[in-house]
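None of the values given here were measured: they were computed from a predicted structure.
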Amino acid sequence: MSDLMTGAEMVVKALKDQGVEVVFGYPGGAVLPIYDEIFKQQGIKHTLVRHEQGAGHAAEGYARATGKPGVVLVTSGPGATNVVTPLQDALMDSIPIVCLSGQVPTFLIGNDAFQEADTVGITRPCTKHNWLVRDVEDLSGTIHEAFHIATSGRPGPVLVDIPKNVQMTTGTYQKPNSAPRKSYAPKVKGDIERVTDAVALLEKAERPIFYTGGGVINSGQKATELLREFVRSTGFPCTSTLMGLGCYPGSDPQFVGMLGMHGTYEANMAMHDCDLMICVGARFDDRITGRIDAFSPGSKKIHIDIDPSSINKNVAVDVPIIGDVAHVLEDMLRLWKSNGSKKKDVSAWWSTIEEWRAVDCLAYKMGGKTIKPQHAIKRLYELTKDHDTYITTEVGQHQMWAAQYIKFEEPNRWMTSGGLGTMGYGCPAAIGVQVAHPDSLVIDVAGEASFLMTMQEMGTAVQYDLPVKIFILNNERLGMVRQWQELLHGERYSHSWSEALPDFVKLAEAMGCIGIRAETTDELDDAINDMISIDRPVIFDCVVEKHENCFPMIPSGKAHNEMLLGEASTEGAIDEKGAALV
Amino acid sequence: MSKDAPPKTEEQQPPATNGGRRRKDLRKSAYDMTAAGAEHVVERRTLAVLVDNEAGVLARVIGLFSGRGYNIESLTVAETDHIGHISRITIVTSGTPMVLAQIKAQLDRLVPVHQVTDLTVEGPSVERELAMVKVASTGDARVEALRLKDAFRAHVIDATLDSFVFEVTGSPEKIDAFIELMRPLGVTEVTRTGVVAIKRGQEGM
Ligand SMILES: Cc1ncc(C[n+]2csc(CCOP(=O)(O)OP(=O)(O)O)c2C)c(N)n1
Ligand SMILES: [Mg+2]
């Protein structure tokens with residue numbers, strides 16, 4: 001094949017040269033030349049979604065489940081604006097996404113042409129970088145650069161806007177090159193002096209804790225292995241953010257559970273009382289720290305992060321180490337071992353932690369016939385844990401219960417919208433995961449309200465035989481909103497329940513899926529087992545207690561050691577200042 | 001240069017940086033939030049940012065400041081390397097040490113940004129701004145304006161029978177002073193470039 005080709009041919013060739021196997025997209029006038037090329041070839045599979053937001057989240061799910069970039073193809077104008085939410089979602093959660101958008105021809109740009117939008121302008125703040133390609137000679141080089149930037153350093157979404165005339169013009173194709181731009185060179189190796197300082201702190205610590213996050217998973221399999229080796233060889237406790245679940249095995253005794261607003265009592269208390277915090281690929285966001293000036297007041301803090309802007313952003317740290325988690329952990333572990341793996345006796349610390357653990361903060365009361373949402377998740381976990389399972393979620397109480405009650409033993413098994421908190425993420429994300437792993441059990445733990453935001457993607461699931469399972473904890477409420485209104489707004493439940501919900505079983509049937517409903521505790525297990533055994537898309541309507549609150553909870557504006565453990569402790573828990581926080 | 005440097009002595013001023021110390025502080029304390037209110041001290045900084053001169057690069061920089069709520073007191077930009085297509089952006093901003101560190105890190109993170117230099121802390125530097133000031137007057141006021149311009153080493157770059165356009169160069173404070181002086185003499189229009197700045201000494205950025 002000669003190097004001369006049209007822009008549209010270049011797009012497909014560049015994707016193939018980048019190893020892309022799957023594209024999630026939706027056609028329209030401004031990308032028809034590219035769709036024509038997709039039609040003519042075999043190597044790349046295109047998944048037609050039902051809404052461009054679905055394409056974006058599906059690509060995110062795919063990326064998280066595989067460690068590869070997710071690729072999105074959308075048309076100009078509304079196609080591009082519909083993808084803004086997933087781009088911002090991917091930016092907040094550091095997910096590599098390459099989005100290609102069509103644009104009106106260059107000679108119409110600025111004319112308010114049909115389906116014109118200033119896509120690079122609109123997506124500038126919600127991408128890691130973006131480009132408008134005005135000249136076909138720049139097209140292939142730009143696409144290669146886009147992949148490089150999306151996947152290196154702190155990963156993130158990028159967008160390449162391609163005017164239709166550029167797609168139709170002939171130019172010269174450039175192969176992926178090894179000389180990326182000079183201005184972009186993320187640092188992967190940590191400063192060895194800093195690593196040395198960190199190891200010295202480790203050797204002196206009496207109440208240490210590993211605080212791990214999504215950066216470990218983004219760094220790759222090796223980072224996970226090194227983290228596990230390191231945590232085990234130190235014997236220190238380990239907690240994880242919502243985004244980091246699975247980087248350390250959930251059922252390991254050294255794992256003290258998730259931390260943060262709905263984290264475990266033991267994890268948050270340990271964070272508060274520790275004398276050394278080893279933050280690995282997490283970013284001290286407000287859902288983690290609670291009241292910032294009362295955050296872990298007595299500890300020295302080591303912070304490993306590939307993004308220099310994450311260091312000292314919210315919390316001042318003592319030993320910042322800028323670099324890729326795997327590289328830094330490798331150096332740190334080597335040094336720690338060559339120093340003789342010295343450490344203080346941490347058994348007193350562990351006994352304190354065991355006392356906190358004994359509080360059993362995730363205990364809940366069974367609801368008799370009525371299914372408790374926590375119980376539903378627990379049973380879902382027990383009945384699926386021996387399968388090859390991937391879990392996605394929507395956003396709300398169900399998401400937190402999933403994070404609390406499902407134990408993740410491996411990374412890349414858990415996909416949730418952490419930073420942006422996007423309702424509607426889970427269903428399309430599950431589709432993306434299932435595309436990557438057609439034979440695995442992929443379950444979206446959903447709320448009924450969230451599911452309604454992107455449920456049209458079940459059409460995609462049916463079209464491509466993707467047997468995703470939507471497990472709806474149906475409380476007929478915007479449960480998390482309702483919980484905040486109960487705790488913060490004098491039980492004035494302003495617009496936080498859904499009337500006129502669809503009959504999800506009939507909805508499933510209408511869409512070509514299987515519908516299952518469970519209404520009582522004793523029918524739950526059989527229903528879940530049915531769901532697992534069906535090799536088709538399933539919508540599972542799990543009717544649960546409507547007024548259950550999600551605990552433990554650090555009320556906004558409070559410190560880690562001011563957790564609410566259950567209903568009894570909630571009165572007047574959040575003051576006015578806290579009420580202003582989100 | 002610090003904000004209250006008097007205009008006439010600016011050339012002879014010792015390096016007005018407090019820079020060496022500040023820089024060390026930053027490294028040591030990592031903006032220790034518990035250190036007696038240190039994070040509340042708002043400082044003014046002049047940053048030089050080298051960027052690839054490509055479409056949208058200025059929008060990225062400005063969008064970063066507006067999106068994250070940072071201050072821009074002055075911003076100038078022009079291509080300074082026509083072969084390598086590198087532009088130099090000079091930004092005067094202010095914030096607490098923690099915010100200033102964020103600004104620098106966030107700028108550095110932008111893909112087309114090559115280098116961010118904090119001219120205020122990284123050794124002595126000089127700052128200049130250029131202004132054109134139109135003064136429309138006749139009689140005594142006109143004579144006085146022409147006479148006073150010399151104290152500021154301003155030049156006349158346009159004249160009519162009842163107006164002058166003065167060109168004046170110096171620190172922003174000197175230009176403020178010049179404009180205030182000329183105001184009663186009939187200032188009708190002012191345009192300013194914003195600050196450009198460069199490190200003193202032989203070393204390049
Ligand atoms: C797109 C979007 N809009 C609004 C919100 C605010 N929000 C957070 S949780 C929630 C309620 C979610 O209800 P549901 O999906 O039924 O989950 P539940 O909390 O009941 O488990 C809302 C409205 C959001 N996170 N995302
Ligand atoms: Mg609900």
Q. Heavy-atom distance under 4.5 Å to chain B: side chain of A/Asn130, backbone, both or neither?
A. both
Q.
To the closest 0.5 Å, what do you measure between CZ (A/Arg124) and CG (B/Leu64)?
A. 12.0 Å
Q. So which part of B/Arg60 gets closer than 4.5 Å to some heavy atom of chain A, the side chain, the backbone, both or neither?
A. both
Q | Distance in Å, B/Leu50 CG paired with A/Lys182 NZ, rounded so as to fall on 0.5 Å steps | A | 12.0 Å
Q) Is it the side chain or the backbone of B/Val111 that comes within 4.5 Å of chain A heavy atoms, both, or neither? A) both
Q | Smallest separation among heavy atoms of A/Lys313 and B/Met98, with atom names | A | O-CE, 3.5 Å
Q. Where does B/Ala55 contact chain A at under 4.5 Å (heavy atoms): side chain, backbone, both or neither?
A. neither
Q | A/Ser309 (side chain) donor-acceptor with B/Gln102 (main chain) under 3.5 angstrom | A | no
(Q) Looking at B/Lys134, I want to see if its NZ is surrounded by more than 12 non-hydrogen atoms of other residues, nucleotides or ligands under 6.0 Å. (A) no
Q | Distance in Å, B/Arg109 CZ paired with A/Tyr184 OH, rounded so as to fall on 0.5 Å steps | A | 10.0 Å
**Q.** Winner by heavy-atom pair count (cut-off under 4.5 Å) against chain A, out of B/Gly67, B/Ala105, B/Pro112
**A.** B/Pro112
Q) chain A heavy atoms under 4.5 Å from B/Gln115: which part of the residue, side chain, backbone, both or neither? A) neither
Q) Should we count CD of B/Glu180 as having more than 12 external heavy atoms under 6.0 Å? A) yes
Q.
Please classify the contact of B/Gln106 with chain A as side chain, backbone, both or neither, using a heavy-atom distance under 4.5 Å.
A. both
Q: Name the region of A/Arg154, side chain, backbone, both or neither, that has any atom closer than 4.5 Å to a heavy atom of chain B.
A: side chain
Q: Decide if atom NZ of A/Lys187 counts as having more than 12 heavy atoms of other residues, nucleotides or ligands within a radius under 6.0 Å.
A: yes
Q) Would you say A/Lys300 has more than 12 foreign heavy atoms packed within less than 6.0 Å of its NZ? A) no
